[in-house]
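These notes are about the structure you will find just below.
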Amino acid sequence: MTDPTGTVAPVTDEEIFTGHEGGKLSVAATRPISSPRDLSIAYTPGVAKVSRAIAEDAAKAKRYTWADRLVVVVSDGTAVLGLGDIGASASLPVMEGKSVLFKTFGGLDSIPLVLDTTDVDEIVETLVRLRPSFGAVNLEDVSAPRCFELEDKLKEALDCPVMHDDQHGTAIVTLAALRGANLVLDRAIADQRVVVSGAGAAGVACAKILQEAGIGDVTVLDSRGIIHAGRDGLNPVKQRLAATTNKAGLRGGLAEALEGADVFLGLSGATIDESLLGRMAGGGIVFALSNPDPEVHPDVAARYASIVATGRSDFPNQINNVLAFPGVFRGALDSGARAITENMKLAAAEAIVSVAMDDLGPDRIVPSPLDPRVAPEVAAAVAKAAEADGVTA
């Protein structure tokens with residue numbers, strides 16, 4: 001519940017645990033079985049006719065089963081929220097929650113699949129064998145850099161949409177928020193330099209989508225400082241970042257990176273000293289997205305920046321993946337897409353901004369995650385982009 005100011009009231013431990021008793025999902029029949037006739041249609045002997053028809057023409061499974069509209073939420077439990085590597089069983093409540101969000105916001109059926117292995121090839125093989133049972137894969141909470149390899153291999157092995165939400169959902173909503181912020185400030189993203197603190201799944205994907213969107217420059221930092229060409233010990237993912245980011249050739253740490261920067265994007269979980277924000281260009285943008293604790297408190301960031309966003313619901317400008325993934329998957333499945341392309345992600349970001357256009361402001365650069373207009377707008381834009389990219393069936 002909320003108080004008159006719109007602030008979310010604190011949630012008690014008792015409420016949390018009660019809300020998870022027995023899990024958060026169930027299976028409901030789409031048609032009632034209340035008579036022998038209903039039973040003979042839904043199961044034997046009627047179901048045999050449908051099975052024979054699918055055996056003769058596999059494409060009929062799209063019409064006569066739920067598989068084509070089913071999203072599997074897959075995790076190995078190695079990078080769960082801010083909890084880290086907690087294992088498959090402990091990750092299940094999170095994946096159940098994700099499935100609830102798919103149904104609530106995207107109208108899509110979804111089931112969680114937590115796998116008791118961290119071997120990339122074993123996960124790929126498992127999903128390849130299960131492919132007749134689902135229509136799309138949402139990867140969730142898989143640690144970097146394994147998540148990059150896993151997503152790439154699944155895209156190659158499966159003929160259906162695959163997306164790692166920690167990467168691309170975050171990137172889509174971040175781009176949408178940055179576009180919204182720049183519209184409020186009447187600035188062009190092509191003129192800006194963004195500092196991304198964190199080179200994990202979200203940081204890498206955000207850097208990539210910002211480049212795709214035409215950002216002026218991106219400087220990415222990991223725990224050792226600025227990622228730049230020639231730095232020793234870079235894995236292949238960071239080597240690619242080094243080759244395409246940091247046009248100014250900066251060296252050093254966050255202090256050097258933030259000198260004159262227009263945007264700070266925090267995705268590392270590390271706390272930063274507020275004095276570093278004073279190095280940024282005046283009237284900048286700060287997205288402190290680590291959860292549950294932002295890299296810098298929003299009230300502190302507001303002393304230096306014109307627009308501040310976090311990943312939390314109790315501050316303005318929440319950057320929440322639920323603005324993206326339900327609509328992205330809905331649009332991909334509606335269009336019969338075999339993959340999720342970069343243009344589909346860019347289209348999703350533009351659709352999110354479009355919903356907020358009527359009342360954009362410093363404290364509203366993206367719509368509320370509960371805005372019922374978002375998922376349909378995103379789905380329509382994604383479906384259109386899928387058709388334009390030629391990835392539809």
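Computed over heavy atoms, backbone and side chain alike; hydrogens, waters and symmetry mates excluded.
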#### Entry: Near-ring test F102/F329, centroid separation under 6.0 angstrom
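Between F329 and F102, the centre distance is under 6.0 Å.
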Say whether, by atom type as modelled, one donor and one acceptor occur between the side chain of [X] and the main chain of [Y] under 3.5 angstrom.
{"X": "S354", "Y": "A351", "value": "yes"}
{"X": "N291", "Y": "G311", "value": "yes"}
{"X": "E96", "Y": "K24", "value": "yes"}
{"X": "T219", "Y": "A257", "value": "no"}
{"X": "R193", "Y": "D217", "value": "no"}

Short side-chain donor-acceptor distance under 3.5 Å, [Y] and [X]:
{"X": "S143", "Y": "R146", "value": "yes"}
{"X": "T170", "Y": "N321", "value": "yes"}
{"X": "S268", "Y": "S197", "value": "yes"}
{"X": "D165", "Y": "N138", "value": "no"}
{"X": "H297", "Y": "E274", "value": "no"}
{"X": "E212", "Y": "N343", "value": "no"}
{"X": "S91", "Y": "D141", "value": "no"}
{"X": "S75", "Y": "E140", "value": "no"}
{"X": "T18", "Y": "E15", "value": "no"}

### Query
Of the options T117, D116, L115, which is the one that meets E122 in a side-chain contact (heavy atoms from CB on, under 4.5 Å)?
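It is T117, the one option of T117, D116, L115 that forms the side-chain contact (heavy atoms from CB on, under 4.5 Å) with E122.
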### Query
Excluding sequence neighbours, so at least two apart, what forms salt bridge (charged side-chain N to carboxylate O under 4.0 Å, His left out) with R187?
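Not a single residue meets the salt bridge (charged side-chain N to carboxylate O under 4.0 Å, His left out) criterion with R187.
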May I ask you to decide whether [X] forms a salt bridge with [Y], counting only side-chain N to carboxylate O separations under 4.0 Å?
{"X": "E56", "Y": "R52", "result": "no"}
{"X": "R31", "Y": "D38", "result": "no"}
{"X": "D371", "Y": "R373", "result": "yes"}
{"X": "E256", "Y": "R251", "result": "no"}

### Task
Flag the pair L185 / I307 as yes when at least one side-chain heavy-atom distance between them is below 4.5 Å, and no otherwise.
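A side-chain contact under 4.5 Å exists here.
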### Pairwise side-chain contact, T126 with V74, heavy-atom cut-off 4.5 Å (strictly under)
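No. Closest side-chain heavy atoms not under 4.5 Å.
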### Query
Does NZ in K384 sit with more than 12 non-hydrogen atoms of other residues, nucleotides or ligands closer than 6.0 Å?
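No - once you tally the heavy atoms of other residues, nucleotides and ligands closer than 6.0 Å, there are 12 at most.
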### Query
With L370, which residues qualify under side chain to side chain contact (heavy atoms under 4.5 Å, CB included), at least two apart?
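Once residues adjacent in sequence are excluded, the partners of L370 under the side chain to side chain contact (heavy atoms under 4.5 Å, CB included) criterion are F105, S368.
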